[in-house]
Amino acid sequence: QLGLFTYDPGFLATASCQSAITFIDGDAGLLYYRGYPIEQLAEHSDFMEVCYLLLNGELPTAQEKKTFETSIRRHTMVHDQLHNFFKGFRRDAHPMAVMVGVVGALSAFYYDALKITNAEHRAISATRLLAKVPTIAAMCYRYNKGLPFMYPRNDLSYAANFLYMMFATPCEEYVPNPVLVRAFDRILTLHADHEQNASTSTVRLAGSSGANPFACIAAGIAALWGPAHGGANEAVLKQLEEIGDVSQVGKYIARAKDKNDSFRLMGFGHRIYKHMDPRAGVMRRTCHEVLTELGLHNDPLFKLALELERIALEDEYFITKKLYPNVDFYSGIVLRALGIPTSMFTAVFAMGRTVGWITQWNEMISDPQQKIGRPRQLYVGPVQRDWVPLEARD
Ligand code: SDX
């Protein structure tokens, strides 16, 4: 019995830490941030409110939210020297490679006065990361396209500001579409935290040594990049384009079931969810909302994804293996509809997950019992043996 929850001993043995941030019940398909169901937060909160909730443990009052948003807005610009950092990358560098480098470089700008044992210093680091990661992500896109960097605008919401920095030009006025902004804001909420996933565990392990928090978040970005994790949304879209047509779905489902074929349906399956990922349902509805707003409700890839989900959910193998769509299955389609290129999909995931990484890092660092992480192993190598001189080796 841990607080309000009862765990079986087998599960307790696998737990890497105790946390009060995010609760997942994979069998029931439940996801709560600080006790609030993700469906309610996606429906009623905006991302700034969700960030406040994750970082502080409670929903903000109107004044608390206003103060929080103002503190974020005041740190959205990056040090001008950081612009030069981009020049070291080839224009065609993957945005995630650039993001890992540039976010890590923030540790070179904020280190001397930073005492991570000081709660105020940790809060300032959190504010700076939340504020600057969207600016850096947009800069990665602009650099890749050879477009001038757009400075953030403090009159826009967090989500609208990112879309502005991505798609505006100095030559024309940019008027964000409120339906698309709300959808993008909700996508950030869906990605905000997910307890001890691979990238969050990376941030916790790196942070447990007392490393600079900006460098720890860069480590999380690196882990998220993998196609089995945050890179799956980019892989889903490529896979849907490869499948091409509903008539081909059966062939790919058969490949996914073939033990001799390493092919996997990207966006399907999850280490924890053995039921529908609750984020996938919200993402599907958001996808439909955006496509409808843009007059793309007959988008062939969306139709293909819906049919793939329908067929897979009726298939014996997928039912037995408990393989359901996860958060990445529809996110690529909606991000593409928003005009975001596939190469930026994981960068958007990183933008949403930054608040989760910071919150988990902060929970660990502020625990007075906290020690450096030191996972152990089962050794399966050679037993002890003596050295053999070169001439005696055949
Ligand atoms: C994210 O951890 C998190 O919380 C991550 C995340 C987050 O918010 O941080 O939720 C975000 O990473 C979502 C997952 C995105 N990745 C993908 O969509 C890639 C495709 N999915 C698979 O690679 C896989 O499902 C994983 C990696 C997500 C989970 O793999 P597991 O839990 O290690 O499960 P497994 O590989 O042991 O699979 C169990 C069985 C296997 O068959 P058997 O060996 O038991 O016979 O299911 C099969 C697998 O072959 N299987 C699939 C499959 N996923 C698992 N078969 C076909 N297609 C798939 N997608």
Side-chain angles (χ1 to χ4, degrees), residues 14-17 19 21-27 29-33 38 42 50 54 96 187-204 217 219-240 242-243 249-283 305 308-309 311-313 315-333 335 345-346 348-357 359-360:
T14 64
S16 62
C17 65
S19 176
I21 300 164
T22 293
F23 173 76
I24 299 174
D25 179 332
D27 294 328
L30 303 178
L31 170 58
Y32 300 161
Y33 292 164
I38 187 69
V50 168
L54 285 168
M96 287 300 281
I187 289 169
L188 294 177
T189 290
L190 293 176
H191 288 93
D193 192 52
H194 211 239
E195 58 131 287
Q196 306 313 312
N197 57 85
S199 54
T200 299
S201 301
T202 301
V203 171
R204 275 184 174 254
I217 299 301
I221 294 173
L224 185 74
W225 191 4
H229 190 10
N233 50 15
E234 186 176 347
V236 167
L237 209 66
K238 284 187 180 129
Q239 201 165 79
L240 289 173
E242 182 190 334
I243 296 171
V249 166
K251 184 176 92 179
Y252 283 87
I253 294 243
R255 283 192 60 194
K257 292 155 63 170
D258 180 354
K259 294 311 299 164
N260 301 317
D261 189 335
S262 61
F263 174 83
R264 286 197 165 181
L265 269 183
M266 300 314 277
F268 265 80
H270 199 278
R271 176 62 54 79
I272 297 175
Y273 289 121
K274 302 311 171 192
H275 190 287
M276 187 75 168
D277 180 336
R279 302 168 295 177
V282 179
M283 194 68 83
L308 185 57
E309 176 183 358
I311 295 172
L313 295 188
D315 183 279
E316 197 50 43
Y317 175 88
F318 281 76
I319 294 167
T320 312
K321 294 285 179 191
K322 298 183 178 177
L323 299 175
Y324 294 89
N326 58 49
V327 67
D328 291 301
F329 189 57
Y330 288 102
S331 66
I333 301 172
L335 291 174
F345 286 3
T346 312
V348 166
F349 193 146
M351 267 175 60
R353 187 52 55 88
T354 294
V355 65
W357 290 330
T359 306
Q360 298 269 351

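Whatever order the structure lists ligands and atoms in, that order sets their numbers, starting from 1.
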among protein heavy atoms, the one nearest atom 52 (C) of ligand 1 is Leu323 CD1, 3.6 Å
Contact check: Ala198 vs ligand 1, nitrogen or oxygen atoms, below 3.5 angstrom
no
Give a yes or no on whether atom 44 (O) of ligand 1 lies under 4.0 Å from any heavy atom of the protein.
yes
Closest by any non-hydrogen atom to atom 8 (O) of ligand 1: pick that one out of Arg255, Lys257, Arg271, Arg279.
Arg279
Nearest non-hydrogen atom to atom 12 (O) of ligand 1 belongs to which of His229, Arg353, His191?
His229
Just to verify, what does Ser201 make a side chain to side chain contact (heavy atoms under 4.5 Å, CB included) with, not counting sequence neighbours?
Gln196
Ranked by distance from atom 4 (O) of ligand 1, the top protein heavy atom is His194 ND1, 2.6 Å
How about Ser199 and Trp357: do any of their side-chain heavy atoms sit closer than 4.5 Å?
yes
Looking at side-chain heavy atoms only, is the closest gap between Leu335 and Leu237 below 4.5 Å?
no
How long is the span from the CG atom in Asp315 to the CG atom in Leu265, to the nearest 0.5 Å?
9.5 Å
Not counting sequence neighbours, list each pair that qualifies as a side chain to side chain donor-acceptor pair (under 3.5 Å) and has a residue in residues 273-282.
His194-Tyr273, His194-Arg279, Asp277-Arg279
Protein heavy-atom partner closest to atom 15 (C) of ligand 1 - residue, atom, separation in Å:
Asp328 OD2, 3.2 Å
Sub-3.5 Å N/O-N/O distance, Ala232 and ligand 1:
no
Which residue and heavy atom of the protein sit nearest atom 60 (N) of ligand 1, plus the separation:
Leu265 O, 2.7 Å
Rounded to the nearest 0.5 Å, what's the gap from CE on Met283 to CD1 on Ile333? Could you check?
10.5 Å
Is it the case that ligand 1 has an N or O less than 3.5 angstrom from some N or O of Phe268?
yes
Selected option - heavy-atom contact closest to atom 36 (O) of ligand 1, from Lys274, Lys321, Arg264:
Arg264
With only distance considered, is His270 within less than 3.5 Å of ligand 1 through an N or O on each side?
yes
May I ask whether atom 34 (O) of ligand 1 is less than 4.0 Å from at least one protein heavy atom?
no
Could you check whether any side-chain heavy atom of Phe345 comes within less than 4.5 Å of a side-chain heavy atom of Val236, counting everything from C-beta outward?
no
So, taking the atom named CD1 in Ile253 and the one named CD1 in Ile243, what distance separates them when rounded to the nearest 0.5 Å?
8.0 Å
Do you know which two heavy atoms are closest between Gln239 and Phe263, and how far apart they sit?
NE2-CE1, 3.2 Å
What protein heavy atom lies closest to atom 57 (C) of ligand 1? Include the residue and the distance to one decimal.
Ala256 O, 3.8 Å
Is the shortest side-chain N to carboxylate O distance from Lys238 to Glu242 below 4.0 Å?
no
Nearest heavy-atom approach of Leu30 to Pro278 is C-CG, 4.3 Å
Below 4.5 Å, heavy atoms only, C-beta onward: do Arg353 and Gln360 meet side chain to side chain?
no
Taking 4.0 Å as the limit for heavy-atom contacts, which would you say applies to Tyr317 with ligand 1: side chain only, backbone only, both, or neither?
side chain
Quick one: look up the protein heavy atom nearest atom 46 (O) of ligand 1 and list residue, atom name and how far away it is.
Lys259 NZ, 2.7 Å
Ala228 to ligand 1: N or O pair under 3.5 Å?
yes
Atoms in ligand 1 with a heavy atom of Gly267 nearer than 4.0 Å:
17 (C), 18 (O)
How far is atom 19 (C) of ligand 1 from the closest protein heavy atom, and which atom is that?
Met266 CE, 3.5 Å
For atom 14 (C) of ligand 1, the protein heavy atom that lies nearest, with its residue and separation
Asn326 ND2, 3.5 Å
